[in-house]
Amino acid sequence: MKVLVCVKQTFDTEAKIELKDGKISDAGINLIINPYDEVAVEGGIQLKEKGIAKEVVVVSAGSDKAMDAIRTALAMGADRGILVKQDTAADEYARACALAAVIKGESPDIVLAGHVAADDGSSQVPTRIAEILGMPHVNVITALEVAGGKATCTSEADGGTQVTEVSLPAVISSQVSWNEPRYPSMKGIMAAKKKPVSTVDSPAVANKVAIVSVALPPSKQAGIKIEDEAAVTGAKLADWMLNTVKVEVK
Amino acid sequence: MAGTWVIVEQKGGSIRKVTYEMLSEAKKWGDEVSAIVFGQGVEALAPEFAKFGADKVYVVEGDIFANYNTGAYVAQLAAMINEYQPNAIMFAHTFNGRDFASRLAQKLEAGLATDVIKASVSAGKGVFTRSIYAGKALAEVEVTTVPVLATIRAGVMELAESAGAGAVVKPAIAASAADVYQVVKDFIPSVSARPELTEADVVVSGGRGCKGPEGIKLVEQLADMLGAALGGSRASIDSGWLGHELQVGQTGKVVNPNLYIACGISGAIQHLAGMSSSKFIACINTDTEAPIFNVSDFGVVGDLFKVIPVVCSELKK
């Protein structure tokens with residue numbers, strides 16, 4: 001069985017966002033694998049360790065910089081990488097088309113990806129890939145069982161936990177709580193340097209969504225800050241909640 | 001091309017509030033407003049949508065629509081779009097809503113703006129504000145395909161009742177059992193009687209300062225007095241005091257309640273991203289230098305183990 005994992009390179013979640021010439025500046029920003037995708041990589045490697053998958057292929061669409069994300073995934077334990085060179089301004093439609101074109105040629109049994117990217121927060125690409133490839137999909141998974149040509153997925157749904165079964169091949173997107181991604185070992189990092197990575201150009205696909213402008217949210221101002229005995233501060237906080245916020249007490 | 005469609009979010013006849021928020025918003029756009037409801041025995045819900053201005057209610061009933069499944073819902077909606085040609089379609093930005101919208105958008109080879117917090121749609125031109133980097137920045141985007149598709153975050157559009165005709169329309173059923181490719185084996189509702197984080201008016205969250213389950217219990221006590229949702233920072237999730245579904249922040253949920261109370265949370269940038277858009281913010285923290293004070297309308301420097309019990313007894317009075 002072949003597992004293919006889509007990874008996106010994103011800003012570190014600790015990054016402070018600043019604008020330059022009306023665009024988000026990447027100056028001095030540490031780039032990482034999108035945390036949701038990192039969990040998908042770990043999930044793929046675990047399928048291999050369990051003997052369910054034979055090969056784990058990592059695919060990323062983006063600039064040359066995304067090679068670092070691929071190398072990190074290889075250092076974790078993936079077998080092979082593919083970089084799809086694409087303008088970083090590609091929207092979710094264009095991104096899904098580029099990835100799907102490569103996935104089609106690879107014919108994997110399972111496509112894994114994070115359910116959302118920590119940068120654009122769109123949560124569209126895995127589902128779009130499934131539609132292009134005519135595969136079933138399940139999103140936001142926290143557990144996965146693979147047997148008998150089927151995947152049984154546990155998802156973090158609204159108001160509860162959903163268990164969904166789909167036939168393979170399928171696209172499955174992860175929640176961050178699925179697993180705890182491993183740190184690449186020194187041995188893994190050395191081995192990753194020798195693992196094959198191919199580079200392909202993205203097909204020319206036009207965006208369907210145009211970015212008009214980017215802005216920073218209005219900064220929240222600090223208000224009242226009090227320090228005293230708990231009997232005093234607790235009473236003042238309760239009073240503020242009742243009279244300023246006007247909360248209802250059940 | 002005419003009309004704005006709002007996809008109803010309901011489960012077992014219970015309608016999510018975000019549905020009414022979307023109808024209220026759609027009304028502002030001046031076009032005909034329709035609610036689209038999928039399910040079994042859902043026609044009786046039509047008057048509920050009329051109260052928020054729905055001129056029409058498209059009722060899609062059948063066994064295969066009883067519970068959400070992507071295949072049948074997308075096949076049906078795509079056929080309806082083809083027949084009725086709406087200008088714009090709004091979905092709730094929920095587990096099911098974003099799944100539905102994303103797969104439909106790709107089937108139509110269309111653009112989609114997800115997790116929208118502000119919208120402006122006229123004559124098939126849709127410009128939307130989305131929060132990106134979990135709220136650290138805002139992007140204004142234009143969906144350049146028609147119908148204009150968007151998923152809307154709960155709690156950001158203002159509710160406004162207005163009478164609509166609510167005329168029931170029963171579209172031809174275009175989906176069949178062959179379109180269903182996901183089998184839902186089980187759904188285990190969360191045991192909590194508390195509201196969901198993303199829909200609650202008040203959210204009370206606990207962080208590292210809770211020190212363990214005892215501290216979390218105090219936070220829960222305060223939450224329950226306010227009918228609030230319970231949340232946590234990454235520290236309390238990683239320590240196993242709370243489940244991941246309760247994490248507020250960049251790799252958890254983004255919330256925007258009327259009141260957010262941060263207990264023992266220092267305010268790491270990832271956490272602030274998830275809650276800074278709350279209308280009112282209060283915090284209780286022992287560290288007077290904690291960044292959470294910079295975004296709090298009311299900050300208490302103190303020990304949550306001492307302060308929360310006082311707050312609870314004062315609220316009881």
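Order of the sequence lines sets the chain letters (A, B, ...), proteins ahead of strands, with each chain counted from 1.
Checking side-chain atoms of Gln250(B) against main-chain N and O of Ala118(A) turns up a donor-acceptor pair under 3.5 Å. Counting only distance, with no hydrogens or angles, the side chain of Thr13(A) and the backbone of Gln270(B) share no donor-acceptor pair below 3.5 Å. No donor-acceptor pair closer than 3.5 Å links the side chain of Lys107(B) to the backbone N or O of Arg128(A). Not a single donor-acceptor pair under 3.5 Å links the side chain of Arg98(B) to the backbone N or O of Ser122(A).
Contacts of Ala139(B) with chain A are made by both backbone and side-chain atoms, with heavy-atom separations under 4.5 Å. Heavy atoms closer than 4.5 Å to chain B are found nowhere in Glu180(A), neither backbone nor side chain. Only the side chain of Ile261(B) comes within contact range of chain A, judged by heavy atoms closer than 4.5 Å. With a threshold of 4.5 angstrom between heavy atoms, Ser278(B) approaches chain A through N, CA, C or O but not through any side-chain atom. At a 4.5 Å heavy-atom cutoff, the contact between Glu142(B) and chain A is made by backbone and side-chain atoms alike. Neither the backbone nor the side chain of Thr129(B) comes within less than 4.5 Å of any heavy atom in chain A. Contacts of Ser296(B) with chain A are made by backbone atoms alone, with heavy-atom separations under 4.5 Å and no side-chain atom involved. Residue Ala228(B): no heavy atom, backbone or side chain, is found under 4.5 Å from chain A. Interface remark: Ile284(B) contributes side-chain atoms only to the contact with chain A (heavy atom separation under 4.5 Å). Looking at Lys16(A), the atoms closer than 4.5 Å to chain B (heavy atoms on both sides) sit in the backbone and in the side chain alike. Of the two parts of Leu19(A), neither the backbone nor the side chain holds a non-hydrogen atom closer than 4.5 Å to a non-hydrogen atom of chain B. In this structure, chain B has heavy atoms under 4.5 Å from both the backbone and the side chain of Gln124(A). Only the backbone of Asp224(B) comes within contact range of chain A, with heavy atoms under 4.5 Å apart. With a 4.5 angstrom heavy-atom cutoff, Leu226(B) touches chain A via backbone and side-chain atoms both. Using a 4.5 Å cut-off between heavy atoms, Lys279(B) contacts chain A through its backbone alone, with no side-chain atom that close. For Ser276(B), the part lying near chain A is the backbone, with the side chain staying farther off; criterion is any non-hydrogen pair under 4.5 Å.
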Name the atoms and distances for all side-chain donor-acceptor pairs under 3.5 Å in residues 234-250 of chain A, with sequence neighbours left out.
unit_1, atom_1, unit_2, atom_2, d
Asp239(A), OD1, Asn243(A), ND2, 2.7
Asn243(A), ND2, Asp239(A), O, 3.3
Lys246(A), NZ, Asn243(A), O, 3.0

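Interatomic distance, Gln182(B) CD to Ser155(A) OG, rounded to the nearest 0.5 Å: 9.0 Å. Asp297(B) contributes atom CG, which lies 4.0 Å from atom NZ of Lys220(A) (distance to the nearest 0.5 angstrom). Note that the CD atom of Glu199(B) and the CG atom of Asp158(A) stand 8.0 Å from one another [nearest 0.5 Å]. Remark: Thr144(B) OG1 to Lys208(A) NZ distance equals 7.0 Å, nearest 0.5 Å.
By the 6.0 Å contact criterion, CD1 on Ile211(A) is open, its count of non-hydrogen atoms from other residues, nucleotides or ligands being 12 or less.
Between Thr288(B) and Lys225(A), the closest heavy-atom pair is O-NZ, 2.7 Å. Across all non-hydrogen atoms, the minimal contact from Pro217(A) to Lys136(B) is CD-O, 3.2 Å. Taking both residues in full, the closest heavy atoms of Gly111(B) and Val209(A) are given as CA-CG2, 3.8 Å, listed atom of the first, atom of the second, then distance. Residue Tyr181(B) comes nearest to Val166(A) through the heavy atom pair O-CG1, 3.5 Å, listed as atom of the first residue, atom of the second, then distance. The two atoms that bring Asp99(B) and His137(A) nearest to each other are OD2-NE2, 2.8 Å, heavy atoms only. When every heavy atom of Ile24(A) is checked against every heavy atom of Ala137(B), the shortest pair comes out as CD1-CB, 4.0 Å.
Salt bridge annotation for Lys253(B)-Glu156(A): present, with a cationic side-chain nitrogen under 4.0 angstrom from a carboxylate oxygen.
Every residue two or more places apart in sequence or in another chain that forms a side-chain contact (heavy atoms from CB on, under 4.5 Å) with Asp119(A) is listed here: Lys8(A), Thr10(A), Ala117(A), Tyr133(B).
By number of non-hydrogen pairs under 4.5 angstrom with chain B, the leading residue of Val138(A), Ile132(A), Val125(A), Asp91(A) is Ile132(A). Most heavy-atom pairs under 4.5 Å with chain B, from the set Pro35(A), Ser123(A), Gly121(A), Pro218(A): that is Ser123(A).
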Would Glu109(B) and Tyr93(A) satisfy side chain to side chain donor-acceptor pair (under 3.5 Å), going step by step from the backbone distance to the final call?
CA-CA 7 Å; Glu109(B) 298 201 53; Tyr93(A) 170 80; 2.6 Å; yes

